[in-house]
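Below is one structure, written out as structure tokens, with a few remarks after it.
Everything quoted here is computed from the prediction, not taken from an experiment.
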Amino acid sequence: MIRTISHQLIKWYSKKNYEQFSESLKNPKKAQIAVLSNLTGISDYKDFKNHFPVTTYTDWKESVEKRRAEKPQEHFVPTSGSTHAIKWIPYTKKFKDELWKASGAWIHDLYLRFPDIAKGTHYWSLSWIPEDLRKEHRSNDLDFFGGLEKYLLEQTMTVDESVAELPTLKESMRENAVSLIEKDVTLISVWSPTFLLELLDLVIADKYFFADRILDFRKKEALKYADKVSPELCKILFPKLALISAWATSSSEYYAQKVKHLFPHIPFEAKGLWATEGVVTIPFQGKFPLAVNSHFYEFEDVETKEIHPGWALKKGMKVTPLLTTGSLFFRYRLNDLLLVNDFFDQTPCLTFLGRIGETDLVGEKISSDLAQKLLSNITNKYEISPLSLLAVEGHKPHYRLLVDGLGKLERLDEISGFLEKELLGHFHYKLARELGQLGHVQVEMKEDAYQAYVKYREKMIALKGNIKVEPLVRTRDD
């Protein structure tokens, strides 16, 4: 009863966000100028542009670390990127309000388009913390919200917040899987589809443990006799599931298709672009419009290098976003490549093409600069000739170092261990490894590594003449 009432209240409470967003889509310039004025006190875009420079985390790092030291009670969320192993993003009240403007509009839209999600629990998996940060940083997805919305969402959650406070990631993952199967989950929302696939593989790998924890006889028996994750098993384990939401573009497309194969009877909705530093687009009525009521947005055209406000974008542009937000970051650059592919009323819709200078198989954010540094370190330490670091799609995505020449094969494990240790110094790679989304890094030594490199590249691009050796590239296993 409480859950049913909570769903009704969430739908009612988020209706205002939905209506305001729908209205703002008709005049994005008006909406964006209002946001700009609220954040900066400036209502003229040219004045704002002339007054504030474009920034990266480096420009804010000192002030953020000082604030963390002086106000440890405030909410900071860790992430990583090409320049820092860990970046701490201030989640101020104003910033959380901005996020709710976007998430409230999206959630209300979900209730309208997929009404069956109101008949059970919702599984939201947004923030996971690596093992070594679990003691100093509390991870609770509800902390992304504040006030009444946090309380109402808590009543509909599939997993109790105490699960995030278990001593190890393995225990948390197990309890997440138990709750998903035991409770009447109707909505599964995860950032990467690989996370859901890993949870399902975990259940099969230890099926007798999960069968013992589950009360439902049909589910218990289905698990005991299952030898793999299948559409038939998923239908039995999640009989009330009404919607799956996950990344589905760029490198996530392959894994999103695997999820769709396992749940052919369940609607699948791709996510918009939602970074730790802010939201850019949300799914809304089947499109992905700019979240014009949240932050103030600018975009740099990757071809001309000109910077435009969000309302001035044209279809076909390839752009990277700059965010001015209530987290106190102004004109903050995200390393995301987006394509303006449509419009919703007068507001541009964008699709995620990939990370600029990075690979991002499951959200690990490994940069070309980092890869080049690793290649140089390995060359100096082991006196070998590494050609490239490959981000390999497959059943278990992983990174693979391609080395030129024939060397002592017994040293490959040593090199692999060194490379893994270096990569684990980066927040999102470490998290992806601990969650089981990525396999251990591999080392492959070939007498003619360049020809092997060409074959790997041909799996991803068609024209052989366009292939050049890069320190970091994406490929796939056959």
Side-chain angles (χ1 to χ4, degrees), residues 1-15 17-18 99-100 102-128 140-145 149-161 163-164 173 175-200 203 216 219 231 234-248 252 255-256 258-272 274 279 281-286 288:
M1 179 62 73
I2 293 177
R3 186 197 304 157
T4 300
I5 294 173
S6 295
H7 280 302
Q8 293 171 350
L9 288 174
I10 293 170
K11 185 178 178 181
W12 168 80
Y13 186 61
S14 60
K15 184 178 181 181
N17 299 60
Y18 176 89
L99 297 182
W100 175 244
S103 55
W106 172 50
I107 288 170
H108 189 83
D109 185 54
L110 291 182
Y111 278 113
L112 293 178
R113 293 191 294 124
F114 306 99
D116 285 348
I117 66 171
K119 297 178 180 179
T121 65
H122 291 177
Y123 179 74
W124 302 93
S125 183
L126 303 173
S127 56
W128 284 75
N140 180 4
D141 291 337
L142 291 174
D143 288 340
F144 285 87
F145 305 100
E149 61 265 25
K150 179 178 178 178
Y151 172 78
L152 292 175
L153 289 168
E154 186 177 27
Q155 311 311 310
T156 66
M157 295 283 273
T158 303
V159 181
D160 185 87
E161 65 175 291
V163 170
M173 288 279 282
E175 291 306 315
N176 269 259
V178 168
S179 294
L180 271 171
I181 298 170
E182 264 195 326
K183 298 185 180 179
D184 296 327
V185 62
T186 54
L187 167 64
I188 294 177
S189 177
V190 295
W191 72 99
S192 173
T194 59
F195 179 77
L196 178 56
L197 293 170
E198 187 61 32
L199 271 180
L200 295 172
V203 170
D216 186 290
K219 294 179 181 180
C234 291
K235 195 168 186 178
I236 293 172
L237 296 182
F238 311 106
K240 292 190 176 182
L241 186 59
L243 178 65
I244 297 174
S245 171
W247 290 339
S252 293
Y255 302 102
K258 294 185 73 171
V259 170
K260 292 177 185 179
H261 170 73
L262 291 174
F263 296 89
H265 57 295
I266 303 301
F268 183 101
E269 181 177 76
K271 286 193 177 299
W274 193 304
V279 55
T281 63
I282 61 171
F284 194 76
Q285 297 182 22
F288 297 87

Looking only at non-hydrogen atoms, find the nearest pair between [X] and [Y] and report the distance.
| X | Y | value |
| --- | --- | --- |
| I282 | A102 | CD1-O, 3.6 Å |
| A256 | W247 | CB-O, 3.8 Å |
| A270 | A248 | CB-CB, 3.7 Å |
| T156 | S6 | CG2-CB, 3.9 Å |
| W274 | S103 | CH2-CB, 3.7 Å |
| A118 | H7 | O-CD2, 3.2 Å |

How long is the span from the [atom1] atom in [X] to the [atom2] atom in [Y], to the nearest 0.5 Å?
| X | Y | atom1 | atom2 | result |
| --- | --- | --- | --- | --- |
| L187 | F114 | CG | CZ | 9.5 Å |
| S14 | I107 | OG | CD1 | 6.5 Å |
| I188 | L241 | CD1 | CG | 4.5 Å |
| I10 | L110 | CD1 | CG | 11.5 Å |

(message) So, applying side chain to side chain contact (heavy atoms under 4.5 Å, CB included) with V259, which one of L200, L197, I266, T194 is it?
(response)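 Output: one option passes, namely L197.
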(request) Could you tell me which residues satisfy side-chain hydrogen bond (donor to acceptor under 3.5 Å, both in side chains) with D184, sequence neighbours excluded, listed by chain and number? (result) none
(request) Under the side-chain hydrogen bond (donor to acceptor under 3.5 Å, both in side chains) rule, collect the residues that match up with H122, sequence neighbours excluded. (result)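 Listed in chain order: nothing, the list is empty.
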(request) Would you please indicate yes or no on a ring centroid separation below 6.0 angstrom for Y13 and W100? (result)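 Centroid distance W100-Y13: below 6.0 Å, so yes.
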(message) Using only atom types and a distance under 3.5 Å, with no angle test, would you say the side chain of N176 pairs donor to acceptor with the backbone of V159?
(response) no
(message) Main chain of I181, side chain of K219: is a donor-acceptor contact present, judged purely on distance under 3.5 Å?
(response)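 A pair under 3.5 Å: yes.
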Among all residues two or more places apart in sequence or in another chain, which pass the side chain to side chain contact (heavy atoms under 4.5 Å, CB included) test with [X]?
| X | result |
| --- | --- |
| T121 | R3, T158, K183, V185 |
| E182 | V178, I214, L215 |
| D109 | Y18, R113, F284, Q285 |

(request) Verify the distance criterion only: is there a donor paired with an acceptor across the side chains of K271 and S245 at less than 3.5 Å? (result) yes
(message) I need the full list of salt bridge (Lys or Arg N to Asp or Glu O under 4.0 Å) pairs touching residues 114-123, with sequence neighbours left out, sorted by first then second residue.
(response) D116-K119
(request) Would you check, one step at a time, whether the test side chain to side chain contact (heavy atoms under 4.5 Å, CB included) holds for Y111 with Q8? (result) CA-CA 9 Å; Y111 278 113; Q8 293 171 350; over 6 Å; no
(message) In the structure I gave you, are the side-chain heavy atoms of Y123 and I244 within less than 4.5 Å of one another anywhere?
(response) no
